[in-house]
Participant: 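Below are the structure tokens for one structure; questions will follow.
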Amino acid sequence: AQSVTQLDSQVPVFEEAPVELRCNYSSSVSVYLFWYVQYPNQGLQLLLKYLSGSTLVESINGFEAEFNKSQTSFHLRKPSVHISDTAEYFCAVSTIQGAQKLVFGQGTRLTINP
Amino acid sequence: EAQVTQNPRYLITVTGKKLTVTCSQNMNHEYMSWYRQDPGLGLRQIYYSMNVEVTDKGDVPEGYKVSRKEKRNFPLILESPSPNQTSLYFCASSRTALMSYEQYFGPGTRLTVT
């Protein structure tokens with residue numbers, strides 16, 4: 001079975017500062033990896049995904065995540081955050097064979113202070 | 001507009017009173033799923049459906065029922081709600097089961113059972 005651990009439940013940062021949200025996973029088979037974002041009072045939206053190929057994946061709003069197989073990690077980074085990035089971020093994993101099941105981490109609440 | 005809708009958005013009920021939360025998608029998606037979100041636990045899958053008349057248990061199915069009589073609808077039924085089912089519930093859909101990593105989420109239903 002797969003599991004996902006998000007190491008920080010809350011991350012406060014100042015506007016325009018860099019941020020890293022940490023995610024580690026555990027699986028005995030190959031996986032797909034995802035970050036979802038939940039803005040206040042909304043459902044989750046897919047932010048970015050790693051399926052194969054380049055281990056560095058990017059979103060349209062400046063976030064990036066790097067798949068590190070040896071460290072079983074998929075940390076999310078942004079070099080300069082904006083107030084509008086305030087949200088809860090969920091890391092998720094799906095095995096390549098059992099693609100119908102997404103396993104989510106506990107979530108990290110990112111708070112941007114002016 | 002492509003979307004997943006849920007009703008009601010908010011519900012307060014009493015222990016034992018049967019309730020149904022509706023979920024509908026207008027994207028002709030085959031795969032649909034229900035999750036509950038609890039603080040510190042992330043999202044946990046309750047039930048999923050790979051197509052019409054095909055449903056299966058997720059990680060936390062106890063106390064819930066689902067049905068999939070039509071492709072667009074996937075209602076969640078609580079026959080005898082209990083306080084430990086107080087939670088935020090999300091319905092989600094994806095084009096196929098193999099693409100279930102890219103799920104579209106509804107806005108959520110906040111349920112309180114007293």
Side-chain angles (χ1 to χ4, degrees), chain A residues 1-10 21-27 29-52 57 59-60 65 67 74 87-109, chain B residues 1-7 9-10 21 23-25 29-51 54-61 68 74 87-110:
Chain A
Q2 308 80 248
S3 66
V4 179
T5 301
Q6 291 182 242
L7 297 158
D8 306 293
S9 59
Q10 296 187 61
L21 307 184
R22 296 179 293 168
C23 171
N24 286 92
Y25 70 92
S26 172
S27 176
V29 298
S30 296
V31 296
Y32 296 141
L33 292 157
F34 314 92
W35 278 97
Y36 277 80
V37 59
Q38 184 180 29
Y39 297 107
N41 299 313
Q42 294 185 28
L44 280 72
Q45 304 171 35
L46 182 63
L47 183 63
L48 47 75
K49 62 190 178 192
Y50 170 77
L51 304 181
S52 64
V57 292
S59 72
I60 58 173
F67 170 50
F74 191 55
E88 189 152 19
Y89 293 80
F90 292 92
C91 184
V93 63
S94 172
T95 61
I96 293 172
Q97 287 78 21
Q100 65 266 27
K101 185 174 177 63
L102 265 180
V103 176
F104 287 89
Q106 302 90 331
T108 297
R109 187 171 298 278
Chain B
E1 180 190 353
Q3 60 183 349
V4 178
T5 58
Q6 295 178 228
N7 282 292
R9 293 288 313 277
Y10 302 91
V21 183
C23 172
S24 183
Q25 49 92 6
H29 283 174
E30 291 183 354
Y31 179 88
M32 298 185 75
S33 182
W34 275 103
Y35 296 89
R36 60 178 289 173
Q37 182 180 9
D38 301 290
L41 297 178
L43 276 79
R44 293 178 292 168
Q45 191 179 53
I46 303 171
Y47 269 94
Y48 64 93
S49 169
M50 295 174 69
N51 215 324
V54 181
T55 64
D56 208 348
K57 296 177 180 178
D59 296 318
V60 288
R68 187 92 182 271
F74 189 46
S87 187
L88 181 57
Y89 291 87
F90 287 101
C91 180
S93 72
S94 65
R95 192 179 304 171
T96 66
L98 286 178
M99 291 186 66
S100 62
Y101 51 78
E102 189 157 354
Q103 295 187 28
Y104 294 80
F105 282 78
T109 295
R110 187 168 291 282

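Naming convention: chains lettered A, B, ... in sequence-line order (proteins, then strands); numbering from 1 in each chain.
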Participant: Could you tell me which portion of A:Q6 (side chain, backbone, both or neither) has an atom closer than 4.5 angstrom to a non-hydrogen atom of chain B?
Facilitator: neither

Participant: Contact part of B:R110 toward chain A, heavy-atom cut-off under 4.5 Å: side chain, backbone, both or neither?
Facilitator: neither

Participant: Taking side chain as C-beta onward, heavy atoms only, is A:L44 less than 4.5 Å from B:Y35?
Facilitator: no

Participant: Could you tell me which portion of B:Q6 (side chain, backbone, both or neither) has an atom closer than 4.5 angstrom to a non-hydrogen atom of chain A?
Facilitator: neither

Participant: Count the heavy atoms of every other residue, nucleotide or ligand shown that sit under 6.0 Å from CZ of B:R95, and state whether that count exceeds 12.
Facilitator: no

Participant: Report yes if some heavy atom in the side chain of B:F90 is under 4.5 Å from a heavy atom in the side chain of A:Q38; otherwise report no.
Facilitator: yes

Participant: Check B:R9 against A:N41 and note the closest heavy-atom contact, atom names and distance.
Facilitator: NH2-O, 4.0 Å

Participant: Between B:Q37 and A:F90, which heavy-atom pair has the shortest distance, and what is it?
Facilitator: NE2-CZ, 3.1 Å

Participant: What part of B:L43 gets closer than 4.5 Å to chain A, counting heavy atoms only: side chain, backbone, both or neither?
Facilitator: both

Participant: Please give me the minimum heavy-atom distance between A:L102 and B:Q103, naming the atom from each residue.
Facilitator: CD1-NE2, 3.8 Å

